[in-house]
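See structure below.
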Amino acid sequence: MTATYHDPCNYGRKAEKQFGHGFFDEPRWILDQCMEHWVDLHPTKGDQFCCGGGGGAMTTGYHAERIRYGRQKMAQIRATRAEMLVVPCHSCHGQMNSIKAEYDLAGLKVKYLWELVADCLIL
Amino acid sequence: MEIIEMDQLNHGRFETWPFSHNHCLSCGLCSSSCPASGMDEFDPRKLVRMVGLGMAEQVVESRWPWICTMCAKCGHVCPMEIDIPGMVRRIRGLRDREKIPGILRKGLEAALKTGNNLSLPKADFIFILEDVAAEIADEQPEFEGLTVPVDKEGATILTTIHNKLVNTHTNDLKHWWKIFHAAQEDWTVPSDNWEGTNWGLFTGDDDAMRTLTGRIVENMEKLKAKTLLWPE
């Protein structure tokens with residue numbers, strides 16, 4: 001299965017600006033431990049597009065705008081042909097699942113980063 | 001179209017704001033980078049200019065600051081490093097609290113009053129946690145013995161909970177717990193003020209944000225936890 005990874009604005013670009021460190025490499029290291037093969041989105045890291053679910057957008061009731069907002073994110077994902085998208089953010093996770101069918105990506109599996117880790121545990 | 005006379009505007013209205021909006025070169029990089037540009041005739045450059053002109057009513061009453069997700073792509077590309085997302089959040093904070101869109105205000109009020117956005121009583125919260133923990137062992141026998149340590153003193157990790165995980169998405173509680181179990185981690189969940197989301201952030205309400213964050217700090221101190229896991 002091909003997977004890809006989305007950098008949430010708050011863990012990446014915004015953390016870098018506000019706290020001096022963006023969490024770009026840490027999740028990628030985790031992905032490398034869990035999967036043989038995954039591909040990055042383009043653009044990536046600090047230049048990543050927002051999914052459209054941030055800043056409380058899941059709660060304002062502006063649904064049409066939120067779906068339209070996500071078009072660039074969905075195009076990025078489509079370009080990778082990934083079947084699974086890994087995210088470490090509750091808002092991104094909710095938004096991707098909420099809009100994927102609108103962009104013919106209903107089959108896309110959206111997975112939390114820590115869910116991927118839990119799936120890989122062998123006890 | 002409404003015509004606004006320039007000399008009728010108070011250009012100094014937002015002069016003291018610390019976002020450097022008056023340094024704008026009007027290059028338009030922000031607008032080109034913004035996925036919300038074009039919606040409702042919004043674009044960040046226009047917003048920056050309106051703030052510079054002191055058009056308070058127009059920006060505060062507009063849907064723009066709420067359609068924007070404060071993703072900071074605009075600030076990332078801005079050659080003058082104008083803090084546009086910070087400015088958007090400040091504008092949100094000027095909106096009459098009665099007119100905040102959607103469920104944001106209701107959720108925030110519930111959180112301030114009860115410690116979580118859902119007003120979920122403590123007994124129900126603990127019941128859900130225990131129920132989900134038992135489900136994990138039922139589904140995967142290798143996790144037998146997995147328990148949720150509530151209010152455990154001196155744990156290495158204290159974790160907050162996103163309200164949707166004890167509401168509509170209880171299955172997503174399981175992932176972290178499985179990892180903790182496998183790693184034999186010493187962890188805990190507080191029974192009060194466990195809410196991980198902070199809608200003071202989204203509504204531009206600094207006081208609310210401080211109160212909610214302060215409660216998490218209190219939990220850390222009260223339970224003498226060493227590390228905070230706050231994935232929200």
Side-chain angles (χ1 to χ4, degrees), chain A residues 7-18 22 30 43 45-76 88-95 97 110-123, chain B residues 33-36 38-40 42 63 65-73 75-77 81 83 85-86 88-89 92 100-108 117 136 140-144 162-165 169 171-172 174-183 196-197 199 201-203 229 231-232:
Chain A
D7 295 280
C9 309
N10 281 305
Y11 286 171
R13 186 165 53 228
K14 294 189 82 169
E16 186 171 48
K17 173 125 198 298
Q18 299 198 351
I30 295 171
K45 300 187 177 178
D47 295 321
Q48 193 75 255
F49 284 114
C50 169
C51 65
M58 302 300 289
T59 57
T60 53
Y62 297 141
H63 299 301
E65 290 80 1
R66 178 167 57 76
I67 292 166
R68 178 164 166 72
Y69 194 120
R71 70 199 180 283
Q72 282 169 324
K73 178 53 56 188
M74 292 292 128
Q76 275 183 292
C89 166
H90 286 289
S91 296
C92 303
H93 188 276
Q95 162 74 347
N97 269 330
V110 183
K111 207 170 253 303
Y112 288 109
L113 182 61
W114 45 87
E115 181 181 2
L116 178 71
V117 174
D119 287 354
C120 293
L121 294 173
I122 298 166
L123 297 183
Chain B
S33 73
C34 173
M39 282 190 239
D40 250 9
F42 167 67
R63 296 201 307 169
W66 305 91
I67 289 171
C68 160
T69 61
M70 305 186 281
C71 81
K73 182 109 174 167
H76 185 66
V77 298
E81 297 181 27
D83 181 7
V88 166
R89 183 169 175 273
R92 286 189 183 195
I100 292 172
I103 58 170
L104 279 172
R105 180 168 157 260
K106 209 176 135 203
L108 178 57
N117 291 17
I136 297 174
Q140 290 174 271
E142 64 267 35
F143 287 103
E144 211 191 312
H162 189 302
N163 63 76
K164 75 177 172 184
L165 303 191
H169 292 72
N171 263 332
D172 288 329
K174 296 174 183 172
H175 319 308
W176 275 116
W177 298 358
K178 288 181 187 175
I179 296 169
F180 292 153
H181 182 80
T197 73
W199 287 1
L201 175 67
F202 301 151
T203 54
L229 177 67
E232 291 77 29

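Lettering follows sequence order; numbering is per chain, from 1. A quick note: this is a predicted structure, and the numbers were derived from the prediction, not measured.
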Atom pair CD1 (I103(B)) and CE (M58(A)), whose distance is rounded to the nearest 0.5 Å: 10.0 Å
In terms of heavy-atom pairs under 4.5 Å with chain B, the winner among R71(A), E16(A), R66(A) is R71(A)
Greatest number of non-hydrogen atom pairs under 4.5 angstrom with chain A, of D83(B), D172(B), I100(B), V77(B), falls to D172(B)
Which of the residues K174(B), E81(B), R92(B) is involved in the greatest number of heavy-atom pairs with chain A at under 4.5 angstrom? R92(B)
What pairs of residues pass the salt bridge (charged side-chain N to carboxylate O under 4.0 Å, His left out) test when at least one of them lies in residues 52-61 of chain A, not counting sequence neighbours? none
Please identify which of these residues, H175(B), K178(B), H181(B), meets the side chain to side chain contact (heavy atoms under 4.5 Å, CB included) condition with L121(A). K178(B)
Got a sec, which residues hit ring-ring contact (aromatic ring centres under 6.0 Å, His included) with Y112(A), two or more places apart in sequence or on another chain? H90(A), H93(A), W114(A)
Top residue by heavy-atom pair count (under 4.5 Å) with chain A, among G102(B), P35(B), A36(B)? P35(B)
The test is side-chain contact (heavy atoms from CB on, under 4.5 Å); show your working for K14(A) and M70(B) and say whether it passes. CA-CA 9 Å; K14(A) 294 189 82 169; M70(B) 305 186 281; 3.8 Å; yes
pair K73(B)-C50(A): side-chain heavy atoms closer than 4.5 Å: no
First locate atom NE2 of H169(B), then atom CG of N97(A), and finally report the distance between them rounded to the nearest 0.5 Å. 7.0 Å
Inter-residue atom distance T59(A).OG1 - N117(B).CG, 0.5 Å rounding: 9.5 Å
